[in-house]
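Take a look at the structure set out below.
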Amino acid sequence: MDVGDLVGGRYRLRERFTEGAMGQVWRATDALVPRTVVLKRTHVDGGRGQRAVLQEAAILAEMQHPHVVTLHDVIPGDAGGGDHWLVMEYVTSRSLAGLVNALPRRRLADDDGVQAWRRAAEIGVQLAEALRAVHAKGVVHRDVKPGNVLVADNWFVKLGDFGNCGAGDPEETQGEGPIPRTPAYAAPEVHRGGVPSRASDVFSLGATLFRVVEGHSLYGPSATEAEMEMRARAGAFVAAVRAGPLGPVLDRLLAPRPEDRPDAAEAVALLRGLLPAADVRSAPPRSGPVPVDAPVDALNAPPAPPRSRPPAWAVLAGVGLVALAAAVVVGLRISGGEGNGNAQPADPAPVPEALRPPDRPVGQVIGHAPSADPCALVDPVGLAAFGDTRLDRDYGNFDRCDVRVLPPDGGEIDVMVDLNNAPAPEISSPSEPVGDVRVVSYPPTGDDCTRLVLLPDGNWLTVAAKYGDGGAPDRCAIADASARHAADVVNEHGTLPRRPAAFPPGSLAGYSACALLDAATLTAAVPGLDTGSPNTGFAEWQCEWYGMADDAAVMLRFDRAEPLTAEHGHATQFNGYDAAVGRGAEGPGTCRVILEYRHYTGEEGDPAVEKLFLVVGSPDGEDAACAAAGELMTSASSALPPPP
């Protein structure tokens, strides 16, 4: 399965979150009911994997609880490509694992924002409530751990992943090997081969809260799995030193003997007793993507203010081109006859200061963002082992650099390095330290293989090897070589090298996408849009605004590519600039506009164009989205100098 595929005739795959031995987890959009959902797929034929998915579905269908992930639908194997799929709610959240992984890199201090023990207790109350409800149904979760806990933007918690759950029946372990467990969070009796029970769930809850407040597992920061198992069997745990008033409760939850632990209901009471009533979250979270702005400080910071969510198309904006909405078309013609020409004015007016990107460092590695050179991180010479190479500086946004690899047996592979702002996304795939950075590896999907390079200043790089056919070499081998080279450059210099030359006068790189659209224009075009807290891309070369209503959103970014053609859709003009605008390009209720700004000649002598790339989503449908897109592109292009 790949991005864009339709599952069950209804759910369009948009982004793969994780993949493991038992299956995949995807973000998808529902074509019948306008909403974003999570699809969980098992990709094994028969056996434990199939039963686990159906078992999880049966349990979640019974569990209508605010602190347990909600099940929307089940797609049986005959409708889902041979595998079962669960359709679950999409929560504005990070996994708790993504938050606690930042703990060793920061100071935990009781006087620094919200006390860590208090935050852990607040999370613990909600998890204990979830376990109380689960246990009341006769179900044992069996794998309570930070990776299976979702934390929403208002610190509302949901327990997920019931694929390993059961009723504590010894017969369930026979014939197919032991039930999977996570050594750092499994109870001593489970390490000794016992069947998971309600009491072992409570122990795992305590181990999870210990990890939150202490920043490492019960067995210390560097224990191996073998050491964890040995110490767990002996009940030898390290002492909590930062737990404060939570310490005595942790001692109860982590009692070595299961009979000495409280049940889930008593755990709720113990944890709730540590907190004022106002600290226990009762408002359910909204749907949408991760809003947490600073994961390094997240567990000691006040709850993040609510942020509106992006629609499903927002993550994929910029892939493909559009057709025209009649309401926006002004004088249809195909670009390429009369046009902007192939040059800007000899001496264009300087970019007004109010429209420029921020002129400040973005972390010690990136430094001044607009002058950081992504092409310094690619390695055309090293990649020559895979075929002929060509450096391409003139594709995509200004934060990106590509190398085209032409293998001797045919095909083409595009290797991309892209600069990204902090915070890095939630990481659930394996990572490898390379000096002061970490490289995260993802399984190949469709026609690409991706690596993330996490920088020590909190920023990050995307490295991807895409396409390839016939006898093309392994894309992941190319991605690995490219990611390691980028890591080596960062480790050698400590900061990204600067661009060899300044951007040409009049380039869009001198502008901020966020500044091209003001709050009044945005609000008038898309009512209900939150204009106070946009999502800003690298150097503000991309900006996104979302509304509280589903699918109300605006995204404006810069792009470099070939000139527009008839295949890009119908054509029009905005303030004298050629453009293609269209409806439904990114799904129902959307309209996309591409405007040609600056024509120039690329390094290989090919014609190239800097472009404005606008996507608007409206809950009132595509006509409203295209009307808004016309207003917004008219406003944004009016801030640019007139075309020659």
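The shown structure was predicted, so the numbers you read here are calculated from the model rather than taken from an experiment.
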TODO: Could you walk me through whether Y511 and F558 pass ring pair (Phe, Tyr, Trp, His ring centres under 6.0 Å), step by step?
DONE: CA-CA 9 Å; Y511 288 84; F558 303 148; 7.2 Å; no
Open item on the list: Under the criterion side chain to side chain contact (heavy atoms under 4.5 Å, CB included), I'd like the reasoning laid out for V453 against V490: C-alpha separation, chi angles, the key distance, then a yes or no.
Closed with: CA-CA 10 Å; V453 179; V490 172; 5.7 Å; no
Task: side chain to side chain contact (heavy atoms under 4.5 Å, CB included) between V440 and W460, worked out - done: CA-CA 11 Å; V440 181; W460 51 291; over 6 Å; no
TODO: Assess whether salt bridge (Lys or Arg N to Asp or Glu O under 4.0 Å) is satisfied between R560 and D606, documenting all intermediate values.
DONE: CA-CA 12 Å; R560 294 170 297 173; D606 299 326; over 6 Å; no
Task: V351 backbone acceptor or donor facing R356 side chain under 3.5 Å - done: yes
Task: 4.5 Å side-chain heavy-atom contact, I366 and F538 - done: yes
Task: Distance (rounded to the nearest 0.5 Å) between H493 NE2 and D488 CG - done: 10.0 Å
- [ ] Using a 4.5 Å cut-off on heavy atoms from C-beta on, say whether the side chain of S507 contacts that of Y600.
- [x] no
- [ ] Please name the residue in the list T450, D418, N420 that meets the side-chain hydrogen bond (donor to acceptor under 3.5 Å, both in side chains) test with T462.
- [x] N420
Task: Side-chain donor/acceptor of R451 to backbone N/O of A481, under 3.5 Å - done: no
Task: Within-4.5 Å side-chain heavy-atom neighbours: L517 and W545 - done: yes
Open item on the list: Whether the side chain of N421 engages the backbone of T536 through a donor-acceptor N/O pair (distance < 3.5 Å, no angle test) should be reported.
Closed with: yes
- [ ] Find out whether D359 and H368 are in side-chain contact, i.e. whether some heavy atom of one side chain is under 4.5 Å from a heavy atom of the other.
- [x] yes
- [ ] Search all heavy atoms of G602 against all heavy atoms of A608 and return the closest pair with its distance.
- [x] N-CB, 4.4 Å
Task: All side-chain contact (heavy atoms from CB on, under 4.5 Å) counterparts of V403, not counting sequence neighbours - done: V378, P380, L383, T389, L391, V405, V415
Open item on the list: With heavy-atom distances below 4.5 Å as the criterion, would you say the side chains of R393 and P374 are in contact?
Closed with: no
Open item on the list: Ignoring hydrogens, what is the shortest heavy-atom contact between G396 and D559? Give both atom names and the distance.
Closed with: CA-OD1, 3.3 Å
Open item on the list: Within the structure provided, determine whether W26 and Y11 are in side-chain contact (heavy-atom separation under 4.5 Å).
Closed with: no
TODO: Determine the sole option in R390, R400, R475 for which the salt bridge (Lys or Arg N to Asp or Glu O under 4.0 Å) test with D414 is passed.
DONE: R400
- [ ] Using a strict 4.0 Å threshold on nitrogen-to-oxygen distance, state whether D623 and R583 make a salt bridge.
- [x] yes
Task: Flag, side chain of D457 to backbone of V365, donor-acceptor distance under 3.5 Å - done: yes
TODO: Might you point out which heavy atoms bring P563 and P607 nearest each other, and give the distance in Å?
DONE: CD-O, 3.9 Å
TODO: Starting at CD of E544, measure out to CZ of R557 and round the result to the nearest 0.5 Å.
DONE: 10.0 Å
Task: Row check, Y395 ring normal vs R404 NZ/CZ: under 6.0 Å, within 45° - done: yes
Task: Distance (rounded to the nearest 0.5 Å) between F613 CZ and M555 CE - done: 6.0 Å
TODO: Determine whether V489 and D379 make a side-chain contact, defined as any pair of heavy atoms from C-beta on separated by less than 4.5 Å.
DONE: no
Task: Short side-chain donor-acceptor distance under 3.5 Å, N397 and D399 - done: no
Task: S637 side chain vs T634 backbone, donor-acceptor pair below 3.5 Å - done: yes
TODO: Please step through side chain to side chain contact (heavy atoms under 4.5 Å, CB included) for the pair L640 and L516, ending with a clear verdict.
DONE: CA-CA 9 Å; L640 303 173; L516 289 179; 4.3 Å; yes
- [ ] Indicate the atoms forming the closest heavy-atom contact of I413 with A465, along with that distance.
- [x] CG2-CB, 4.1 Å
Task: Shortest non-hydrogen separation from H485 to L377 and the atoms involved - done: CD2-O, 3.1 Å
Open item on the list: Please evaluate residues R498 and S371 with respect to the criterion side chain to side chain donor-acceptor pair (under 3.5 Å), reporting the C-alpha separation (whole Å), side-chain torsions for both, the decisive distance (0.1 Å), and the verdict.
Closed with: CA-CA 5 Å; R498 300 299 97 186; S371 65; 2.9 Å; yes
- [ ] Report the distance from atom CZ of R12 to atom CG of L39, rounding to the nearest 0.5 Å.
- [x] 12.5 Å
TODO: Determine the interplanar angle of the Y577 and Y597 rings, folded into 0 to 90°, and report it as parallel if under 30°, tilted if 30 to 60°, perpendicular if over 60°.
DONE: tilted
Open item on the list: Testing the basics here: between F398 and R499, what is the closest heavy-atom pair and its distance to 0.1 Å?
Closed with: O-NH2, 2.6 Å
- [ ] Evaluate the side-chain proximity of L419 to N459: yes if any heavy-atom separation is below 4.5 Å, no if none is.
- [x] no
Open item on the list: When you measure from the side chain of S638 to the backbone of S635, do you find a donor-acceptor pair of N or O atoms at a distance under 3.5 Å?
Closed with: yes
- [ ] Give the C-alpha distance, both sets of side-chain angles, the deciding distance and a yes or no for side chain to side chain contact (heavy atoms under 4.5 Å, CB included) between K611 and L564.
- [x] CA-CA 10 Å; K611 302 176 181 180; L564 294 173; 3.9 Å; yes
Open item on the list: Just verifying a value: how many Å separate D394 CG and E562 CD, rounded to the nearest 0.5 Å?
Closed with: 12.0 Å
TODO: Could you grab the distance from atom CG of L508 to atom CG of L612, nearest 0.5 Å is fine?
DONE: 5.5 Å
Task: Crowding at CG, N491 (>12 non-hydrogen neighbours, <6.0 Å) - done: yes
